Amino acid sequence: MFCILTFGFLYIPICVCAFTDNECYVINSEFFYHEGDVTIGAFFPLHIYYTGNKVPDKYMPYSFQDYHVQYKFKNYQFVLALLFAIEEIDRNPDLLPNTTIGYGIYNIPYTEKNILYRAFIWHTGKINFFPNFDCGHKRKSAAILTGPSWSTSAHIGTFLQLYKIPQVTFGPFDSILNDQGQFNSLYQMAPKDTSLSLAIVLLLLHFNWSWVGLILPDDHRGTQILLDLKENMESHGICIAFLKMISGTWNAYSNALWKNMETIEESSANVIVIYGDIISVQGLMRHIAQLLVTWKVWVLNSSWDVDTHSDYFMVETFHGSLVFSHHHEEMVEFMNFVQTVNPYKYPEDTYLPKFWHLFFKCSFSKFDCQLLENCQPNASLDLLPRHQFEPVMGEEGYHIYNAVYAVAYSLHEMNLQKIQTQPYANGEEKEFSPWQLHPFLQNTIMSNHVRRQIATHGGGNLDSQYDILNFWNFPSGLGLKVKVGTYSLNAQQGPQFSLCEQMIQWPTGFTK
């Protein structure tokens with residue numbers, strides 16, 4: 001008996017037949033659920049498919065035989081931040097009493113067609129659907145979480161806008177998403193980067209770095225940060241050695257990217273600023289890592305990631321980099337929560353078995369791809385290498401955490417108002433429509449009324465605070481981001497910058 005595994009762009013069929021360990025590892029569901037009285041939908045980039053030699057599939061048009069799966073293990077923290085917030089809320093008797101929160105998590109591919117396809121699956125509850133028909137689908141979400149890429153949020157936002165469904169983004173703030181005429185159902189949790197350019201310039205001045213290269217995304221965000229950087233650099237006597245605008249469609253093997261890297265490698269500038277999000281600079285970051293450019297200092301914003309799962313070297317390109325990250329409260333409770341997560345606690349989760357199989361040597365059963373009880377003892381996510389998974393809550397995870405609380409507080413306030421003004425007829429609850437949440441959600445986010453009291457509305461004009469992190473990745477795989485400084489822009493006291501040079505680990509060949 002045999003089956004043909006077809007990895008198409010839209011849907012991966014599950015074959016009913018015997019599986020080897022490897023086949024269980026690569027077969028995936030594109031979404032999973034946990035039921036609740038009210039649910040939150042989330043679109044996270046958790047895995048992608050790629051083809052090596054582009055061998056055409058014999059049975060499916062526009063598909064290939066040699067598809068491979070690549071898991072974005074670092075992004076799994078998005079799922080954990082969502083679960084952590086929901087479980088914390090469900091334990092709180094004063095917030096949404098007698099109401100449980102469920103969730104639906106959908107993987108986001110990197111093509112526009114498939115992003116919208118996932119949105120249709122969420123809306124209809126069907127793999128094969130008809131637009132504008134939900135076929136009696138009852139699993140409606142109070143709100144949708146999207147990110148970290150602005151483009152993903154924009155694509156999904158155009159669909160959600162049709163139904164006035166609340167959308168909360170957890171990626172970096174973006175001016176396009178703040179356009180109320182185009183996205184009036186969308187709320188951004190991240191603060192603006194209004195003072196990031198000044199923070200970067202103050203770092204350059206601190207070390208007397210006056211000859212600096214710039215690598216920016218070739219889009220509206222790159223244009224805006226370029227204007228801000230040029231103004232601040234020129235006013236402080238810092239010169240631009242070179243400027244490269246990188247297209248988000250360039251991958252690590254793009255010819256255009258190779259040509260640009262020749263200029264970057266040969267430049268006399270030993271300090272290079274890279275600004276961008278995970279999607280826009282992913283090809284660039286992987287390419288730089290493969291070239292082992294170890295003699296330059298990289299200054300980065302927080303939304304970057306490097307896939308270092310394929311090779312290990314005694315030297316590491318990004319070791320010693322300086323990273324600007326929005327300041328947020330450290331959450332010890334989250335680290336404790338991560339230690340308790342396992343595939344048996346969350347059986348609906350299709351990703352945890354992949355972790356346990358890959359890192360803890362668990363084997364799958366032959367017929368249903370369920371894990372057997374032969375794993376390493378005391379297996380826990382916090383034991384994974386830091387370049388694969390970080391057990392501390394990152395910036396995007398913190399925005400997800402606050403977004404879940406914002407939705408919960410809004411639902412709570414809406415329920416209170418209904419009880420006071422619209423008693424349920426015959427004890428029956430009125431049907432909930434997501435658009436009804438908008439005034440409550442807007443008020444909750446604008447008034448910073450969330451558990452940690454520091455969530456911000458994207459349109460707000462709040463003081464900016466950044467942590468300056470130093471990336472320690474020697475030996476390769478260490479993957480630590482160590483706080484070595486701070487920057488804040490206070491309306492009364494102006495910019496405040498501090499740095500502990502003794503803690504900084506520098507790239508090869510640098511002493512300061």
Side-chain angles (χ1 to χ4, degrees), residues 74-75 77-78 81 148 170-173 190-191 193 195-207 209 212 215 225 229 271-278 281-282 284-285 288-289 294 296-308 316-332 334-335 382 384-401 454 464-489 495-508 510 512:
K74 282 189 176 181
N75 291 352
Q77 190 193 98
F78 301 161
F170 60 89
F173 176 86
D193 277 328
S195 64
L196 178 60
S197 61
L198 179 57
I200 292 174
V201 168
L202 290 179
L203 174 70
L204 301 178
L205 289 173
H206 179 84
F207 291 109
W209 292 335
V212 179
I215 304 177
I225 194 70
L229 279 171
V271 179
I272 299 176
V273 176
I274 302 179
Y275 177 87
D277 62 29
I278 293 174
V281 297
Q282 63 175 336
L284 170 73
M285 302 300 279
I288 294 174
T294 60
K296 297 183 185 295
V297 175
W298 308 94
V299 179
L300 311 154
N301 66 315
S302 61
S303 299
W304 66 281
D305 188 23
V306 184
D307 294 313
T308 56
E316 160 60 34
T317 296
F318 291 102
H319 173 73
S321 298
L322 295 168
V323 184
F324 283 86
S325 174
H326 283 287
H327 175 76
H328 64 268
E329 180 182 352
E330 294 183 7
M331 300 183 64
V332 178
F334 178 74
M335 298 180 64
D382 69 328
L384 299 186
R386 293 302 182 259
H387 71 287
Q388 293 283 11
F389 178 82
E390 296 183 21
V392 296
M393 184 174 286
E395 186 173 326
E396 290 87 358
Y398 197 75
H399 293 326
I400 292 170
Y401 174 86
I454 67 168
S464 298
Q465 297 184 43
Y466 292 92
D467 291 332
I468 304 173
L469 310 177
N470 186 215
F471 185 53
W472 295 3
N473 205 37
F474 180 79
S476 184
L478 182 63
L480 295 179
K481 292 179 181 178
V482 180
K483 182 177 177 179
V484 295
T486 60
Y487 168 83
S488 64
L489 183 62
Q496 297 180 330
F497 180 91
S498 65
L499 199 67
C500 181
E501 293 186 43
Q502 292 77 13
M503 293 183 62
I504 297 177
Q505 295 289 318
W506 294 106
T508 303
F510 279 80
K512 65 167 293 181

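If you read the sequence from its start, that first residue is 1, and numbering goes on from there. Only heavy atoms go into these numbers, but all of them, side chains included; no hydrogens, no water, no symmetry mates. None of these values were measured; they are calculated from a predicted model.
Interatomic distance, Tyr398 OH to Glu330 CD, rounded to the nearest 0.5 Å: 11.0 Å. The CD atom of Gln496 sits 9.0 Å away from the CG atom of Leu489 when rounded to the nearest 0.5 Å. Atom-to-atom distance recorded for Trp472:CH2 and Ile504:CD1 is 10.0 Å, nearest 0.5 angstrom. The OG1 atom of Thr486 sits 9.0 Å away from the NE2 atom of His327 when rounded to the nearest 0.5 Å. Atoms CH2 and CD1, on Trp298 and Ile215 in that order, are 5.5 Å from each other to the nearest 0.5 Å. Atoms OG and NE2, from Ser498 and His206 in turn, are 9.5 Å apart once rounded to the nearest 0.5 Å.
Looking at heavy atoms from C-beta onward, Ile200 lies out of side-chain contact with Asn301 at the 4.5 angstrom threshold. Contact annotation: the side chain of Tyr275 never approaches that of Leu229 to less than 4.5 Å [non-hydrogen atoms, C-beta and beyond]. Between His399 and Pro191 the shortest side-chain heavy-atom distance falls below 4.5 Å. Counting only heavy atoms from C-beta outward, the side chains of Asn470 and Leu322 approach each other to under 4.5 Å.
Checking side-chain atoms of Glu395 against main-chain N and O of Pro172 turns up no donor-acceptor pair under 3.5 Å. Checking side-chain atoms of Glu396 against main-chain N and O of Phe78 turns up no donor-acceptor pair under 3.5 Å. With hydrogens and angles ignored, the 3.5 Å screen pairs a side-chain donor or acceptor of His328 with a backbone N or O of Met393.
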Check the pair Tyr487 / Ser195 against side-chain contact (heavy atoms from CB on, under 4.5 Å), numbers first and verdict last. CA-CA 10 Å; Tyr487 168 83; Ser195 64; 3.6 Å; yes
Please walk me through it: do Asp193 and Phe324 pass side-chain contact (heavy atoms from CB on, under 4.5 Å)? CA-CA 11 Å; Asp193 277 328; Phe324 283 86; over 6 Å; no
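Listed by chain and number, the residues in a ring pair (Phe, Tyr, Trp, His ring centres under 6.0 Å) with Phe334 are Phe84 (sequence neighbours excluded). Scanning for side chain to side chain contact (heavy atoms under 4.5 Å, CB included) contacts around Met503 gives Val482, Val484, Cys500, with sequence neighbours left out. Every residue two or more places apart in sequence or in another chain that forms a salt bridge (Lys or Arg N to Asp or Glu O under 4.0 Å) with Asp467 is listed here: Lys483.
Considering every non-hydrogen atom in both Gly171 and Ala190, the closest pair reads O-CB, 3.2 Å. In terms of heavy atoms, Leu499 sits closest to Gly485 at CD1-CA, 4.0 Å.
Aromatic rings of His326 and Tyr466 (six-membered ring for Trp) have centroids within the 6.0 Å cut-off, being under it.
Using the six-membered ring where Trp is involved, Trp506 and Trp209 have ring planes that are perpendicular, over 60° apart on the 30 and 60° scheme.
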